[in-house]
Asker: 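Structure incoming, see below.
Values below: all heavy atoms of this structure, side chains included; hydrogens, waters and symmetry mates excluded.
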Amino acid sequence: MLGPLLSACLLILFGLVGFYRPVWGFGLLILLYQTLFNLGGPIAVPLPVGYVEPTEVLIASMAMGLWSKSRERHQVRGPGTKKLIRPPADMRRLWLAMGSYILWQSLCVVKALGSLRGTDNFRYGVRFILAGCLPWVALYILRKMSSKDGHKVFKTAYVLSIATAIVHIAIQVVNNRAVIKAAYYFILPDGSDQYANFVEGNLQEDFVRGLPQGALLMLFFLVLNVGQLIFNKARPRIGAVAATMLIFSALFITITRSFMMCFLAGTLVCAALAFLSKSFNAKASVRALVVCFTLVACAATYEAIRPGFLQTWAERVALLSGVDSQVFSAENGARGLDNLASIAAISDRPVMGFGSPYYPEEYSLRTGTFSDVHPMLMVGVLGGIPGMLLIVWFQWELFFPCLRDLWRRREAARELVPFVSVLIMSMCVVNVIGAGGSIYGPPIICVVIFTNEMWNRRPQQRVVLCDGLPERDHARIQSTAHFDPHPVV
């Protein structure tokens, strides 16, 4: 971790950037937490309870910046001229779901602070508010920004994902263990000996499972790109095909089974939605075969560069028939025991939980630190069953209005199907199989960026004026089926 003074100066600088340039603020968030290296981790200022990271500073500063600008616009108009526009019903339900989840989890943490004082769970509870609740406010910030600025944030994430994939592939091909350790397993001076031993053991393997920080963002873009390549009417562009190949290769060489399972599930969801919305035709079938052949060629190419890679993958897949897949069984001595302990804790306090995402020490079924607790169980241990129901409702409201548009407005189906597939995959697969989850920490920013872009691409009714005719009597309503940052006049 950097020194407190240097970290504080950097956080102040980030705060100023977020306040005056929200688009740049989101760019910093993506750069720090969704690329190859964990750049945001060392930049933290310790507090009496926990610490503050760039995520909290950037989100808070961007929110204050937008509030300040809206206040200035109101003062320019003058009193009595403020025009209140009631948000659509879909948006009101989304804000209600998000507010209910954040409020409930925060109340559970505050209620438990007295009993947790002096324990590690006290710090974990406070940290959950900062890392599990506050990042969702970024969605409100993006919705208050213009569609054009929101699209800039989306494109920034896309470009950085491609750059991350290129660097990640280059590091794996070169296979320099010193570079690999610095890129994926950077150990801070106060790192535990147990983690250091794990890293050293992993570095002895023939194929090091280096996992980029932005792996989930790359997964989202991979499912999106594949869906667009198959189901869009327009001819696939060479750049989109190349980007898809790079991102797939970058994820495939991590030898992470859960990512490939999520990718396959997301692609199947995309195909099912396209079929139900009548967007699946013979041309889409041919494109799907071409995409499959292209991705298989990517895997074969890496096998030719580093022989034995596919054999390592086959061995990893074979382990799924053993204890690796039993994540809720005592036979899995790490993740399984942690999940069973979490379930027992939720059973004892099903209403308001323990105010911490990790179970108390008396529930532990093994020695050592937490391994990889299921993301939904983390929510349940902190906020009980109501917290789990609220996060499910919130995730549903993220994509349900767009899912409904697939049948109500068929002209928008091809545009929205890939985005809806990504968010369904996030809710029903990523947060179910326990692949790190997307409801805590930096992955929330990925969900927020995709949700905002999807909502901006929803068909909207806009008034189109006919040339040379009076506005009031000769205006017609036009439904837009694709993203267009410019007004129709």
Asker: Near Tyr363 OH, under 6.0 Å, is it more than 12 heavy atoms from other residues, nucleotides or ligands?
Answerer: yes
Asker: Do the ring planes of Tyr440 and Phe128 sit parallel (below 30°), tilted (30 to 60°) or perpendicular (above 60°)?
Answerer: parallel
Asker: Would you indicate whether the side-chain heavy atoms of Val269 and Val223 approach each other to under 4.5 Å?
Answerer: no
Asker: Do you know which of Val373, Asp338, Val381 makes side-chain contact (heavy atoms from CB on, under 4.5 Å) with Tyr358?
Answerer: Val373
Asker: Would you indicate whether the side-chain heavy atoms of Leu273 and Ser421 approach each other to under 4.5 Å?
Answerer: yes
Asker: Report, as yes or no, whether the 6.0 Å neighbourhood of atom CD on Glu361 holds more than 12 heavy atoms from other residues, nucleotides or ligands.
Answerer: no
Asker: Do Phe26 and Met62 come within less than 4.5 Å of each other through their side chains, counting heavy atoms only?
Answerer: yes
Asker: How long is the gap from SG on Cys446 to CZ on Phe221, to the nearest 0.5 Å?
Answerer: 8.5 Å
Asker: Just to verify, what does Asn225 make a side chain to side chain donor-acceptor pair (under 3.5 Å) with, not counting sequence neighbours?
Answerer: Tyr158, Thr244
Asker: Kindly indicate, with the supporting measurements, whether the criterion side chain to side chain contact (heavy atoms under 4.5 Å, CB included) is fulfilled by Thr294 and Phe248.
Answerer: CA-CA 10 Å; Thr294 303; Phe248 171 79; over 6 Å; no
Asker: Working to the nearest 0.5 Å, report the span between CG of Leu403 and CG of Leu423.
Answerer: 10.5 Å
Asker: If you look at every heavy atom in Gln395 and Ser426, which pair is closest and at what distance?
Answerer: OE1-O, 4.3 Å
Asker: State, to 0.1 Å, how close Cys108 and Gly383 come at their nearest heavy-atom pair, and which atoms those are.
Answerer: SG-CA, 3.7 Å
Asker: Donor-acceptor pair, distance only, cut-off 3.5 Å: does the side chain of Asp149 make one with the backbone of Val23?
Answerer: no
Asker: Between CZ of Phe450 and CD1 of Ile445, what distance do you get to the nearest 0.5 Å?
Answerer: 13.0 Å
Asker: Pro54 versus Leu11: any side-chain heavy-atom pair under 4.5 Å?
Answerer: yes
Asker: Indicate yes or no: at least one non-hydrogen side-chain atom of Thr55 is less than 4.5 angstrom from one of Leu32.
Answerer: no
Asker: Are the side chain of Arg287 and the backbone N or O of Asn232 linked by a donor-acceptor pair below 3.5 Å?
Answerer: yes
Asker: Does Asn281 reach the main-chain N or O of Ala284 with its side chain, forming a donor-acceptor pair under 3.5 Å?
Answerer: yes
Asker: Does the side chain of Leu246 come within less than 4.5 Å of Ile166's, by heavy atoms?
Answerer: yes
Asker: For the residue pair Ala157 and Ile449, what are the closest heavy atoms and their distance?
Answerer: CB-CD1, 4.3 Å
Asker: Please check if the side chain of Ser61 supplies one atom and the backbone of Leu58 the other of a donor-acceptor pair under 3.5 Å.
Answerer: yes
Asker: Not counting sequence neighbours, which residues clear salt bridge (Lys or Arg N to Asp or Glu O under 4.0 Å) with Arg127? List them please.
Answerer: Glu53, Glu56
Asker: For Tyr302 together with Phe207, are the ring centres under 6.0 Å from each other?
Answerer: no
Asker: Calculate, to the nearest 0.5 Å, the distance between atoms CG and CG belonging to Leu382 and Asn121 respectively.
Answerer: 9.5 Å
Asker: Going by ring pair (Phe, Tyr, Trp, His ring centres under 6.0 Å), name the pairs with one or both residues in residues 379-402, residues two or more places apart or in two chains.
Answerer: Trp136-Phe394, Trp396-Phe399, Trp396-Phe400
Asker: Verify, without hydrogens or angle tests, whether Asn431 (side chain) and Met376 (backbone) share a donor-acceptor contact under 3.5 angstrom.
Answerer: no
Asker: Within a 6.0 Å radius of atom CH2 on Trp313, are there more than 12 heavy atoms belonging to other residues, nucleotides or ligands?
Answerer: yes
Asker: For Pro418 versus Cys270, what's the shortest heavy-atom pair and its separation?
Answerer: CA-SG, 4.2 Å
Asker: Run the side chain to side chain contact (heavy atoms under 4.5 Å, CB included) test on Val417 and Val420 for me, step by step, so that the C-alpha distance in whole Å, both residues' side-chain angles and the decisive distance to 0.1 Å come before the verdict.
Answerer: CA-CA 5 Å; Val417 160; Val420 176; 6.0 Å; no
Asker: Determine the minimum heavy-atom distance between Leu216 and Pro443, stating which atoms define it.
Answerer: CD2-CB, 3.3 Å
Asker: How long is the straight-line distance from CD of Gln172 back to OG of Ser249, given to the nearest 0.5 Å?
Answerer: 12.0 Å
Asker: In this structure, is the centre-to-centre distance between the rings of Phe252 and Phe259 below 6.0 Å?
Answerer: no
Asker: By the definition side-chain hydrogen bond (donor to acceptor under 3.5 Å, both in side chains), identify the one residue from His151, Arg457, Arg143 that meets it with Asn452.
Answerer: Arg143
Asker: Ile180 vs Ile171, test: side chain to side chain contact (heavy atoms under 4.5 Å, CB included). Steps then yes/no.
Answerer: CA-CA 7 Å; Ile180 287 177; Ile171 290 176; 3.7 Å; yes
Asker: I need the Met388 CE to Ile439 CD1 distance, nearest 0.5 Å.
Answerer: 8.5 Å
Asker: Once side chain to side chain donor-acceptor pair (under 3.5 Å) is applied, do any residues pair with Thr267, and if so which ones, sequence neighbours excluded?
Answerer: none
Asker: How would you list, by chain and number, every residue that makes a side chain to side chain donor-acceptor pair (under 3.5 Å) with Trp407, sequence neighbours excluded?
Answerer: none
Asker: Counting only heavy atoms not in Arg404 (residues, nucleotides, ligands), do more than 12 fall under 6.0 Å from its CZ?
Answerer: yes
Asker: Keeping the roles fixed (side chain from Arg316, backbone from Arg257), state whether a donor-acceptor pair exists under 3.5 Å.
Answerer: no
Asker: Hey, does Lys283 have a side-chain heavy atom less than 4.5 Å from the side chain of Val286?
Answerer: no
Asker: I want to check a possible cation-pi pair here: Arg458 against Trp455, using under 6.0 Å from ring centre and within 45° of the ring axis as the test.
Answerer: yes
Asker: Measure the shortest side-chain to side-chain distance between Pro442 and Gln213 over non-hydrogen atoms and say whether it is less than 4.5 angstrom.
Answerer: no
Asker: Of all residues at least two apart in sequence or in a different chain, which pass the side chain to side chain donor-acceptor pair (under 3.5 Å) check with Thr164?
Answerer: none
Asker: For side chain to side chain contact (heavy atoms under 4.5 Å, CB included), just list the numbers for Ile43 and Phe14, CA-CA rounded to whole Å, side-chain angles, deciding distance to a tenth of an Å, and then say yes or no.
Answerer: CA-CA 11 Å; Ile43 307 174; Phe14 293 161; 4.1 Å; yes
Asker: So, does Glu453 use its side chain to make a donor-acceptor pair with the main chain of Phe154 at under 3.5 Å?
Answerer: no
Asker: Mind listing the closest non-hydrogen atom pair of Gln105 and Cys133 along with its distance?
Answerer: CB-SG, 3.9 Å
Asker: Checking Arg414 side chain against Phe231 main chain: does a donor-acceptor pair fall under 3.5 Å?
Answerer: yes
